[in-house]
K.L.:
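My questions all concern the structure below.
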Amino acid sequence: MTDLSNKVALVTGASSGLGAAVARLFARRGAAVFGVARDETRLTEVFAEVPGGRFTTADIAASVECRSVVERCATEFGRLDVLVNVAGAHRMRRTGDVRDEEWDHDLAVNLNGPFYLCRAALPFLLETGGNIVNVASIAGVEGQAYSAGYCAAKHGLVGLTRALAVEFTADRLRVNAVCPGGMLTPQISGFSLPDGADPNLVLRAAAPRGMNEPEEVAAVIAFLAGDDASAVHGAIYLADNGKTAG
């Protein structure tokens with residue numbers, strides 16, 4: 001079991017689903033957790049189960065807010081060891097019907113935000129020899145119907161992860177990504193198909209062993225964030241219950 005004692009972790013999307021599972025698990029394993037999300041009420045509920053944790057609301061699509069939360073985390077805890085970019089959004093749409101503002105939103109939340117946070121966190125992580133764990137998706141390594149914006153952003157996040165890993169090869173910084181398959185989270189339960197969508201195309205994204213529990217993926221993230229994964233750099237971990245095995 002990965003020990004995260006004496007580490008400070010900033011976790012986005014911490015108000016529900018995978019982000020909340022990561023915040024709780026990291027705290028149980030000894031980390032000081034700083035959570036970020038948009039919903040203060042849900043953050044308050046989650047962090048009642050995160051001893052010693054702190055949190056703030058922010059819009060990660062705004063670069064100035066990303067810089068602010070990173071600096072606040074480092075100031076309040078005195079350091080930053082781990083950045084976990086969990087926050088994301090996915091809504092299925094027919095590509096021909098996607099409006100400009102919807103495309104912009106897909107990239108802003110799923111790609112721009114993680115980039116802004118990585119950029120802001122780099123000076124602190126380089127100082128501590130820390131690491132970044134980006135949460136992409138199997139949509140970052142394969143195509144999915146009615147998900148052009150989401151797939152483009154998650155493929156971009158995989159590319160960002162690899163680019164940073166190469167750039168910082170000679171530094172005490174590790175950068176990795178996790179690509180979960182379907183998880184039983186509020187995002188999944190709120191899915192709706194576009195009118196006239198072909199359900200068989202959507203089912204092609206289903207894993208043969210069913211959906212993951214958020215806690216299962218959180219455990220993979222905890223491993224990558226810990227010292228036991230010191231040899232893992234630039235990896236794209238597929239936590240998809242066999243979906244992409246063949």
Side-chain angles (χ1 to χ4, degrees), residues 10-14 17-19 22 36-38 58-67 69-70 82-122 125 131-169 173-183 185 187-188 191 201-202 204-205 217 220-221 224-225 232-240 243-244:
L10 191 160
V11 181
T12 70
L18 177 59
V22 169
V36 180
R38 290 179 300 173
D59 177 7
I60 66 163
S63 63
V64 65
E65 294 194 34
C66 290
R67 184 169 298 279
V69 298
V70 168
V82 185
L83 169 63
V84 187
N85 282 311
V86 180
H90 183 194
R91 180 179 174 186
M92 288 188 172
R93 306 179 184 92
R94 288 181 174 275
T95 300
D97 296 333
V98 174
R99 302 192 302 271
D100 289 354
E101 58 269 27
E102 292 172 331
W103 175 265
D104 290 344
H105 179 266
D106 282 345
L107 269 63
V109 174
N110 296 304
L111 180 57
N112 295 356
F115 168 74
Y116 296 147
L117 287 157
C118 288
R119 183 177 63 184
L122 280 172
L125 297 174
N131 68 87
I132 297 168
V133 183
N134 289 320
V135 177
S137 165
I138 57 169
V141 295
E142 65 178 25
Q144 292 185 356
Y146 314 118
S147 302
Y150 186 71
C151 284
K154 292 300 188 178
H155 273 72
L157 187 54
V158 167
L160 173 63
T161 300
R162 288 174 166 150
L164 291 175
V166 173
E167 181 174 348
F168 293 98
T169 296
L173 171 70
R174 294 188 298 107
V175 188
N176 297 289
V178 175
C179 292
M183 285 182 292
T185 66
Q187 182 170 274
I188 286 290
F191 260 143
L201 292 179
V202 177
R204 287 175 60 175
V217 180
V220 177
I221 294 171
L224 291 173
V232 184
H233 180 54
I236 310 300
Y237 264 55
L238 296 171
D240 64 358
K243 169 64 183 69
T244 54

K.L.:
Using a 4.5 Å cut-off on heavy atoms from C-beta on, say whether the side chain of Leu122 contacts that of Phe168.
P.N.:
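Yes; the side chains approach each other to less than 4.5 Å.
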
K.L.:
For the pair Asn131 (side chain) and Ala225 (backbone), establish whether a donor and an acceptor sit closer than 3.5 Å, ignoring hydrogens and angles.
P.N.:
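Yes; at least one donor-acceptor contact below 3.5 Å.
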
K.L.:
Counting N and O atoms only, with roles assigned by atom type, does the side chain of Thr12 sit under 3.5 Å from a partner on the main chain of Val86, one being a donor and the other an acceptor?
P.N.:
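Yes; at least one donor-acceptor contact below 3.5 Å.
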
K.L.:
What's the separation between atom CG in Leu157 and atom SG in Cys118, rounded to the nearest 0.5 Å?
P.N.:
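SG of Cys118 is found 7.5 Å from CG of Leu157.
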
K.L.:
Do Leu117 and Leu83 come close enough that some side-chain heavy atom pair is under 4.5 Å?
P.N.:
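SC-SC contact between Leu117 and Leu83 confirmed.
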
K.L.:
Hey, are the side chains of Leu10 and Val82 touching, using non-hydrogen atoms and a 4.5 Å cut-off?
P.N.:
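Not touching, per the 4.5 Å side-chain cut-off.
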
K.L.:
Of the non-hydrogen atoms in Leu201 and Ala145, which two are nearest, and what is the gap between them?
P.N.:
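That would be CB-CB, 3.8 Å.
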
K.L.:
Begin with the C-alpha distance, continue with both residues' side-chain angles, and end with the deciding distance and a verdict on side-chain contact (heavy atoms from CB on, under 4.5 Å) for Thr161 and Ile236.
P.N.:
CA-CA 8 Å; Thr161 300; Ile236 310 300; 4.1 Å; yes

K.L.:
State, to 0.1 Å, how close Val69 and Ala58 come at their nearest heavy-atom pair, and which atoms those are.
P.N.:
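Looking at all heavy atoms of both residues, the shortest contact is CG1-CB, 3.6 Å.
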
K.L.:
Is the shortest heavy-atom distance from the side chain of Tyr146 to the side chain of Arg94 under 4.5 Å?
P.N.:
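They are in side-chain contact.
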
K.L.:
Any donor and acceptor pair, going by atom type alone, linking the side chain of Asn176 with main-chain N or O of Gly234 inside 3.5 Å?
P.N.:
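Checked: pair present.
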
K.L.:
Taking Asn134 for its side chain and Ala136 for its backbone only, find out whether a donor-acceptor pair lies under 3.5 Å.
P.N.:
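Looks like no, no N/O pair under 3.5 Å.
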
K.L.:
Of all heavy-atom pairs between Asn110 and Pro114, which one has the smallest distance, and what is that distance?
P.N.:
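Scanning both residues, the minimum pair turns out to be O-CG, 3.6 Å.
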
K.L.:
Are any of the side-chain heavy atoms of Lys154 and His90 separated by less than 4.5 Å?
P.N.:
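They are not in side-chain contact.
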
K.L.:
Backbone N or O of Leu224 within a donor-acceptor pair of the Arg174 side chain at under 3.5 Å?
P.N.:
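Yes, Arg174 side chain to Leu224 backbone: donor-acceptor pair under 3.5 Å.
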
K.L.:
Which heavy-atom pair separates Ala62 from Tyr116 by the least distance, and what is that distance?
P.N.:
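What the structure gives for the nearest pair is C-CD1, 4.1 Å.
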
K.L.:
Any donor and acceptor pair, going by atom type alone, linking the side chain of His233 with main-chain N or O of Ala165 inside 3.5 Å?
P.N.:
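Pair found, side chain donor or acceptor close to backbone of Ala165.
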
K.L.:
Is a donor on one side and an acceptor on the other found under 3.5 Å between the side chain of Glu102 and the backbone of Arg99?
P.N.:
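Yes, because the side chain of Glu102 sits within donor-acceptor range (under 3.5 Å) of the backbone of Arg99.
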
K.L.:
Give a yes or no answer on whether the side chain of His155 reaches the backbone of Cys151 with a donor-acceptor pair at less than 3.5 Å.
P.N.:
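Present.
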
K.L.:
Any side-chain heavy atom of Val11 sitting closer than 4.5 Å to one from Val36?
P.N.:
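When only atoms from C-beta onward are counted, Val36 and Val11 do not touch, as no gap falls below 4.5 Å.
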
K.L.:
What are the two closest heavy atoms between Gly13 and Ala87, and how far apart are they?
P.N.:
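Answer, listing the atom of Gly13 first, then Ala87: N-CB, 3.6 Å.
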
K.L.:
Of all heavy-atom pairs between Trp103 and Gly149, which one has the smallest distance, and what is that distance?
P.N.:
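Closest heavy-atom pair between Trp103 and Gly149: CZ3-CA, 3.5 Å.
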
K.L.:
Within the distance-only criterion (no hydrogens, no angle test), does the side chain of Glu65 pair as donor or acceptor with the backbone N or O of Ile60 below 3.5 angstrom?
P.N.:
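Flag not set: sc Glu65 to bb Ile60 has no pair under 3.5 Å.
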
K.L.:
Are the side chains of Glu142 and Arg204 in touch, meaning some heavy atoms are under 4.5 Å apart?
P.N.:
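Counting from C-beta outward, Glu142 and Arg204 never come under 4.5 Å.
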
K.L.:
Would you say that Tyr237 contacts Cys179 through its side chain, given a criterion of any heavy-atom pair below 4.5 Å between the two side chains?
P.N.:
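Not touching, per the 4.5 Å side-chain cut-off.
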
K.L.:
Inspect the contact between Asp106 and Arg93 and indicate whether a charged nitrogen and a carboxylate oxygen are less than 4.0 angstrom apart.
P.N.:
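A salt bridge is present here (some side-chain N lies under 4.0 Å from a carboxylate O).
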
K.L.:
Which distance, rounded to the nearest 0.5 Å, do you find between the CE of Met92 and the OH of Tyr150?
P.N.:
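Between atom CE of Met92 and atom OH of Tyr150 there are 10.0 Å.
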
K.L.:
Just to verify, which of Val178, Val22, Asp240, Val135 counts as forming a side chain to side chain contact (heavy atoms under 4.5 Å, CB included) with Val217?
P.N.:
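Answer after filtering Val178, Val22, Asp240, Val135: Val178.
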
K.L.:
Would a distance-only check, ignoring hydrogens and angles, find a side-chain to backbone donor-acceptor pair under 3.5 Å from Thr169 to Glu167?
P.N.:
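No, because the side chain of Thr169 does not come within donor-acceptor range (under 3.5 Å) of the backbone of Glu167.
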
K.L.:
So does Arg119 have more than 12 non-hydrogen atoms from other groups sitting under 6.0 Å from CZ?
P.N.:
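Enclosed.
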
